[in-house]
Structures are given as C-alpha cells and as structure tokens.
Enquirer: 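Structure below; questions to follow.
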Protein chains: 6
Amino acid sequence: MKAAFPGSFDPPTLGHVNIIRRAASIFEEITVVVAENRHKKHLFSPEERLELVSALVKPWKNVSVVLCGGLIVDFLRGRGVSLLIRGVRGAGDFSYEFELSMMNRTLNPEIETIFLTTDPEYGVVRSSAIKELASFGADISSMVPPPVVRALAAKFCRVRD
Amino acid sequence: MKAAFPGSFDPPTLGHVNIIRRAASIFEEITVVVAENRHKKHLFSPEERLELVSALVKPWKNVSVVLCGGLIVDFLRGRGVSLLIRGVRGAGDFSYEFELSMMNRTLNPEIETIFLTTDPEYGVVRSSAIKELASFGADISSMVPPPVVRALAAKFCRVRD
Amino acid sequence: MKAAFPGSFDPPTLGHVNIIRRAASIFEEITVVVAENRHKKHLFSPEERLELVSALVKPWKNVSVVLCGGLIVDFLRGRGVSLLIRGVRGAGDFSYEFELSMMNRTLNPEIETIFLTTDPEYGVVRSSAIKELASFGADISSMVPPPVVRALAAKFCRVRD
Amino acid sequence: MKAAFPGSFDPPTLGHVNIIRRAASIFEEITVVVAENRHKKHLFSPEERLELVSALVKPWKNVSVVLCGGLIVDFLRGRGVSLLIRGVRGAGDFSYEFELSMMNRTLNPEIETIFLTTDPEYGVVRSSAIKELASFGADISSMVPPPVVRALAAKFCRVRD
Amino acid sequence: MKAAFPGSFDPPTLGHVNIIRRAASIFEEITVVVAENRHKKHLFSPEERLELVSALVKPWKNVSVVLCGGLIVDFLRGRGVSLLIRGVRGAGDFSYEFELSMMNRTLNPEIETIFLTTDPEYGVVRSSAIKELASFGADISSMVPPPVVRALAAKFCRVRD
Amino acid sequence: MKAAFPGSFDPPTLGHVNIIRRAASIFEEITVVVAENRHKKHLFSPEERLELVSALVKPWKNVSVVLCGGLIVDFLRGRGVSLLIRGVRGAGDFSYEFELSMMNRTLNPEIETIFLTTDPEYGVVRSSAIKELASFGADISSMVPPPVVRALAAKFCRVRD
C-alpha cells in the first residue's frame, strides 16, 4: 500500500522524522507532501522546506518528497494514493486532526486517514514553538535534525550580520 | 421565549442553517445577530454577511437577522432578549464556548446561553476551513448553501479575471 | 415549549436545582424525569429519589416530577415531549453528554437535546462524589439542599446505631 | 503488511464492522483478536463473541478471527504481527487509546498502533451503551448487524420466558 | 512549607516515586498519605500499601508516610498541612484532578492543591493497568519498583500454587 | 524555595493576582517575570506591563517583578531559580501548559513547573478577551484591578479624542 504524509514542515522536526521512519516500515511507499500553502506565512520558502525534508528522508529508499501547491486530496487523486498518514503528539492534537480527516473524507470519500502517535520523547516538538525558541537562540538540537539546526541559525542570524 | 443566535457568519454554513432550523422549531422568535466585529479581518463585509444570512433564513417566518456593531450582551439587553443559542460541533468546540458563556454571564447575569449540537453530517463544517478550501477551488457544495457557494466563487475568482 | 430534564438524581444536588430553576424560566413546562434504571446500583430507591426531587421543585409551578422505568426517549414520545435538557458542569462532562444526545437522536430523530452549563459555584457538585463525602461524614451542606443533607445522614448513620 | 484488530466485541457493532471493512482494504491480512479477558464481566461468553465476529467478517477473504486468553502483545509476538489497529470514535476515546498504545509499546517496543476514525454515522455506537439499550428493548438495528440484534434479543428475552 | 501527597497507592508505581522525588526537593517536608478508602476494592490491604510506600520513600529524609481512614482534608487540618500535591500524567487526568481540587477547596477553603506533571517516561504508568498486566504475567519491571514487582507476583501467583 | 511566575501580562488580570496571592503564601520568594516577547504584538509596551504588575504586587513583601527579554529558562538559570509557577483556568488551558512545561524541561532539565488552578470566580478572565471587551467599552471591573481598568480605558479612548 502507498501512503502520503502531508504537512507544512516549516521546519521539519525530529517528530516528523520519527513518524516517517515508522511509516516507512509499515507501508511500501511513502510520499512526503510538502504543502506550499501560499496563504500562510512561513519562515522557510516551499523550496527550502522541500530541500530540508529531502535531506532527512535519504536513509529510506521507499520515501520520496514532493511539493504540492493545491489541495492535498486533489493531488493524491492524481497519483493514485488514497491513504494519508498523520502524526498525533497527544490528545490535544487529536481534535483538530479528527476534524481535518473528516473534512478530507467529505471532499473525497476514498481518502482514508490513519494516525500514528509520535513517540513520547518527541511529544513536545512543535514546529511553531521551535521557531520561537530558535529566534531566542535556544539550543534546539534535541528537537530538530542537524541540517535544520543550521538552517534555523542562518535565518535568525542574518539580522545580526 | 425569544432567543438570539449570534455569530460572525463569514460565511454562513449548512451547519449554521442546521442550528437555525432546529432552534426555530423550539423557540417563538429567533434573532440571528451578525457580529460586525470590525477588529477582526473578515472575507465578507458586514453588509454581505447580513445579506447572505438573510437569504438563508427566508423559509422561517419566526427568524429575523440584524447587524450588531457592539457587544452582543448590550445589544440584547436593549431588545429584551436574554437567551443566547450557540451551536457546538463537538467536544473540541465546547471549552471555548463554555468560557464565552461564562464571560457573557459575568457581563450580564441575566444572560442564559443554551447549546445545541450540530448534526453529525455538518460536524466538519467550519467557516475558516471553508474559506481556505474555496481559495483552492475545492467543491464545497456539501458544506455551504448555493448562494454562499456563488459568493465564495466570486471572491476567489476575481484574482483570475 | 415543553421540556424534560432526565437524570438519576441519586441524590439531587444544588447543581440540579440550579439547572431546574433556570430551565423553568426559559420553558413553559419542565418535567423532571427520575430514571429508575434498575440495572444500576443506587443509594436511594426510585421512590426516595422521586420524593427528594419533588420536595425540591415545589417553588416552581411549571415543574413536575415523574418516575420512568424504561427508555427516556420512549417515555417522552408517549407524552408529546421532544426536548431534553441536560446540565453540563464543564468540558469534562461534555464528551459523554454529546455522545448520549447523538444516541438519543439515533433512537428517535425528533428528540432535541439542549445543554445548559451549571453555574460555576455548583461546578464541583457531582452526586457520586457527594455520596462518598457523606459516607465520611463530610459537611456537604454547600452541595445539596437541606432535605438531601438529612437523607444522606440517615443512610450513612444507620450503621452506627 | 499484516495487522491485528483487538477488542472485547461484547458484542461487535456496526462501528467495528466499519473499521474492519476499511482496514481490510488497506492491509494484506487482518486478524481480529477477541480478547477473552476473564477478569472482566461480559454479557457474551468468549465463544459467543468469537462466533458473532466470525459471522460478520465472512465477506472479507483477508480477515480471520482468533480468541486470545492472555496479553495481546505476547500473542502477536508469537504470530509475527507487530501492527495493531484501533478505531477511535472521537476525541473522547483518544486519551485512553493513546495511553494504551504507549503501554503496549512499553511492553514490546516493536508494537506499532495505528488509529482509524470510525465514520461519523457509527460515532455513537458503543458496545456498553448498546447492551443497556437492548436491555430496555430499544430498537438497535441501526447500531449492530442483524445477527447481533438477534443475539441480544435472545439474551434479554430469557428472563421473560 | 509542608506538603502532603495523597493517593491509594494500590500499588505505588515509578510514576509516584517520580513525583515524590521531585516534590521532596521543592518542599521542606512531604507526608505521603495512603488513603485507606474502605469503600473501594483494593488489591493490597491498607497495611500492605503503607509498607510498600514506606520502603520506597526511604531515600528521602524529609518524606514520611501515614495511613488515613477518613477525609484527607480533615486529616490535614489536624496536622497543620494545607498544601496538597497531585501528579498529573497528561491532559486526560487533569479534568478529574481539577474537579477534585475544587471539591477539596469547597470542603476546606484553606486547602491549596498544586500539580506536578509526571515525567514522560512514566506517563503510561497507571496503577489499575499495572494490576491487570501483572495478572497476565506481563513484565512490569519498567513501571513499578522491584519490591512492588515482587508483591504483585506474590498476589497473582498464589492461585498457581 | 524561590519560584518564578512568568507571563505576558498584557494586561495583568484579577486571575493573575489570585495566583500571585496564593503562591506568595506557599513560597518564600516569588519573582513575577514579565516576558517582553518582542515577536508578539502587545497592547501595552513591556515597560507599561512592568509598571502595571508592579503596582498590583505591592501588598506582598516577598513578591518582586522583573522584565525578561530572552528565554525564561536562561533568565532563571542566571538567578538560581528553577521553579516555575503557572496558573491553569481549566482543562482547556492544561494541554498547552503541559506541553510548554515539557519543552522547558527539555531546554533545561532542572526546571520544575508547578500548576495552580485559578479560583473559579476568575476562571473566565483571559487577557485577550478582556482587551476585546474593553475595546467595546464593556464594564470589565470584575475582571481586572482598578489600575488596569484605567489603563485600558486610556488605550481605547485615545481614538475618540
């Protein structure tokens, strides 16, 4: 079975890597879908996010990464994928994810969403909080992989140059 | 008993219509209160929202629509209405609604809030998500009434012209 | 509009009285339905619960009390009542109540459930906790009306005689 | 990938069937594991539950049913299955399921749990509530499959004979 | 400041030890209060629970253990302690704990409850689940301290002798 | 034990005062830390927030107020404080607070967070809602102390001059 793992990945975290690693051992093929979502304000450009995620998934032969500028459900239909994977860090995340999965099913009844729970050691790793921490110069090396540590440092150090 | 059903209605959804239809059969008179809330950014102007809601409530003789530029509790006091109706789509909504009802009661102890739960088929219908979907050109006809489908299309197609 | 307020009332609390008082000013007629529920173990017999609730609702002319041995939805159908009132003490209660209301609607699509939130000063008043406290001889006079204080004392003092 | 769907199934519901049907189209093989759990009081015996579930899964060639008297994680280890499927009816269910999945992972780090959400039309279908409804003679044919309707009727009618 | 840490401790877990260790470094004196609660069915007798907890708290000079047969709030009043410590394993626990703290404050307005969150590695450790796991012979040595592993084994092995 | 109570205090509310008053009777010294957080948009400047909080804490000799421009955990390390106090208004707040406390512990494992629950009469008092109410001219004197009532009036009246 092929599955997709969609998200903003602004930036990708060790929590995302945790889900990808486990999903890659359950499903034959995983497509990580980087949602451009030009309506939202991101720290990293779509291309930067694609690049960061691509570097992280190299260890897994059955994982690929694509950029998606429109609706995920439309995008997947075109590629014959009907299974979405979502990571849930705890009960607080689930209400939103539950609603999102129902909405995707309303848009395309063939879409199935399955949920994996992030392993507890990555349960506090949320992209938005990481960006705020990085902006204060906090040590975030236990939350994001080394390339993302460097990418965040580069973003936030520019202002000091 | 007279009751009010306040909201932003940016835009009104089939979930709102579901609550209005059911409330109209429980209470003698329903006033749908379109909150201008000029502090928040809306897609539709207050006048557009008033017009969209007005079109939707025509089937019910005991439902009227008004625009409110200030505090709902002050507005209702002036009209002799002390009962607020709120629709709740699930447990995720309720925490916020509970707090809002307590705050309204602090502002005016005569205000009662009663909650109706949206029927499950409209449980995923949230105005903010609908706007995002419409901006991507998704088919939202199962979530909003036809006049709102057209109004959203008009908003988002302008950029293409 | 007629409405029903069903429950076990084992025993009735000041939280129940709070909901009844407010519902009685919103609806024309309130029927408090004491569910016998012989499958569950109660401290008070159905007749004792009926008597305790009856004493408490005397101040309101439009409130009556009945005992119900079967399904609430069947019982209400027979009496032409289709509106159920439920009190919710907070977000913790709501998940269960939401599910119950959906189940009642599945059993009889004409049944509407509306929710009132218990005023904060009665938010900690739960019948099961009150029974436990009373069994330890705690002062529960801020949680239940005087006749219930006496009834609980009578239940728990017997063993000392 | 092989997966297991464990539960008490006392009795199986249309919600269970909904999860099994969807899981059977995602995974190669599904083993439905009926947990005996002799510590808990069940309405149906382990053998009756096995039989009821077996009747329901006949339409799917890749679904089998087994009885398990011990720990699920030990049972699966012996069969080379490391993927558990759990159905979640809403945010209310998820806290418990999340904790259970973490506990299973503590007992055996190779165990993965994935969650599917029950389709909304079965969101109110909980085995414990169905038994209570059936005991009152309610029409539960929209909640459980016909063989379970009959099995419940047989259980609760005996007392009338 | 003196503080009390009340509970059933049936049996004590590594999660309890985690809270006690951290509380002992915040407060001058900690009294662990083993609630007898003879209304509830426990696996271990009050004396056994007292003994198990006493063995675990030996490393901390400022922690003592007592047995309490009545209401915690009354017990603490008699000893001049007005601060209760409660461990919370996650959002799922908190609703219940919040209500309990409010009820204690209603019984005695001088009682303060403060909450510590269990460290994530002990987040799945719940006494009731541990007893069930132990009854199946599961390896629970990562959830309870060695004396409790032995005590549980002794309880559940008796039947095999 | 010394403890810190961090927050934005934009503006401080009676809920904050409630937590400070109770924390001041539990701990030897309380440092209220006003987070500048220049990334977020505040109604009051850091200096105004510092001044408003300072006026409110005058009654307590063991409470001081400081401004913090960086990460709270770094700031506390420098001052030898490792205990954070957070007020929780209900279960809705707790998920976020739980995650925040875990993140702080990841950044500095010596940091302990303890939670106090806001007394119910201040449970609806949220700074963001108060600002919105004040912008409509609502009477917020039951939610914020008199100096904050005046400060809010000054902010929102300027536009009328």
Side-chain angles (χ1 to χ4, degrees), chain B residues 4 6-10 31 33-42 46 49 66-79 81-82 84 86-115 117 126-128, chain F residues 10-11 13-19 40-44 86-100 115 117-146 148-149 152-153 155-160:
Chain B
S8 293
F9 304 103
D10 183 47
T31 307
V33 183
V34 177
E36 289 197 25
N37 214 338
R38 297 197 179 272
H39 299 289
K40 286 197 192 138
K41 240 179 115 173
H42 290 110
R49 291 182 274 140
V66 294
L67 206 57
C68 165
L71 272 184
I72 301 285
V73 292
D74 289 345
F75 182 82
L76 295 180
R77 210 188 315 239
R79 298 179 148 241
V81 176
S82 60
L84 284 185
R86 295 291 289 175
V88 180
R89 296 171 315 127
D93 277 10
F94 189 73
S95 286
Y96 171 77
E97 289 294 335
F98 184 70
E99 194 176 314
L100 191 65
S101 74
M102 291 295 167
M103 181 162 267
N104 281 330
R105 214 166 162 80
T106 302
L107 292 172
N108 179 355
E110 278 163 30
I111 291 284
E112 272 304 340
T113 304
I114 65 162
F115 302 93
T117 52
R126 184 197 283 274
S127 295
S128 57
Chain F
D10 184 47
T13 68
L14 288 176
H16 293 130
V17 176
N18 177 254
I19 296 291
K40 286 196 192 140
K41 240 181 114 176
H42 290 111
L43 179 64
F44 293 97
R86 295 291 289 175
V88 180
R89 296 171 314 126
D93 276 10
F94 189 73
S95 286
Y96 171 78
E97 289 293 335
F98 183 70
E99 195 176 312
L100 191 64
F115 302 92
T117 52
T118 314
D119 282 329
E121 57 268 42
Y122 306 112
V124 300
V125 168
R126 183 197 282 273
S127 295
S128 57
I130 286 169
K131 282 180 280 191
E132 196 181 330
L133 289 174
S135 76
F136 282 115
D139 176 4
I140 52 170
S141 57
S142 66
M143 302 176 191
V144 289
V148 178
V149 173
L152 281 165
K155 283 279 173 206
F156 289 111
C157 287
R158 265 174 217 162
V159 295
R160 298 195 201 151

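Every chain is numbered from 1, with letters handed out A, B, ... down the list of sequences. The figures here come from the full heavy-atom set of this structure, side chains too, leaving out hydrogens, waters and symmetry mates.
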Enquirer: What are the two closest heavy atoms between B:Leu71 and F:Leu133, and how far apart are they?
Expert: CD2-CD2, 3.6 Å

Enquirer: Do B:Ile72 and F:Phe136 have side-chain heavy atoms sitting under 4.5 Å apart?
Expert: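 Result no, sub-4.5 Å side-chain heavy-atom pair not found.
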
Enquirer: State, with a plain yes or no, whether a side-chain heavy atom of F:Glu121 is found less than 4.5 Å away from one of B:Thr106.
Expert: no

Enquirer: Rounded to the nearest 0.5 Å, how far does CG of B:Asn108 lie from CG of F:Asp139?
Expert: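 F:Asp139 CG to B:Asn108 CG: 11.0 Å, rounded to 0.5 Å.
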
Enquirer: Could you tell me the separation between the CD1 atom of F:Ile130 and the CE atom of B:Met103, rounded to the nearest 0.5 Å?
Expert: 5.5 Å

Enquirer: Are there over 12 heavy-atom neighbours, none belonging to B:Glu110, within less than 6.0 Å of that residue's CD?
Expert: no

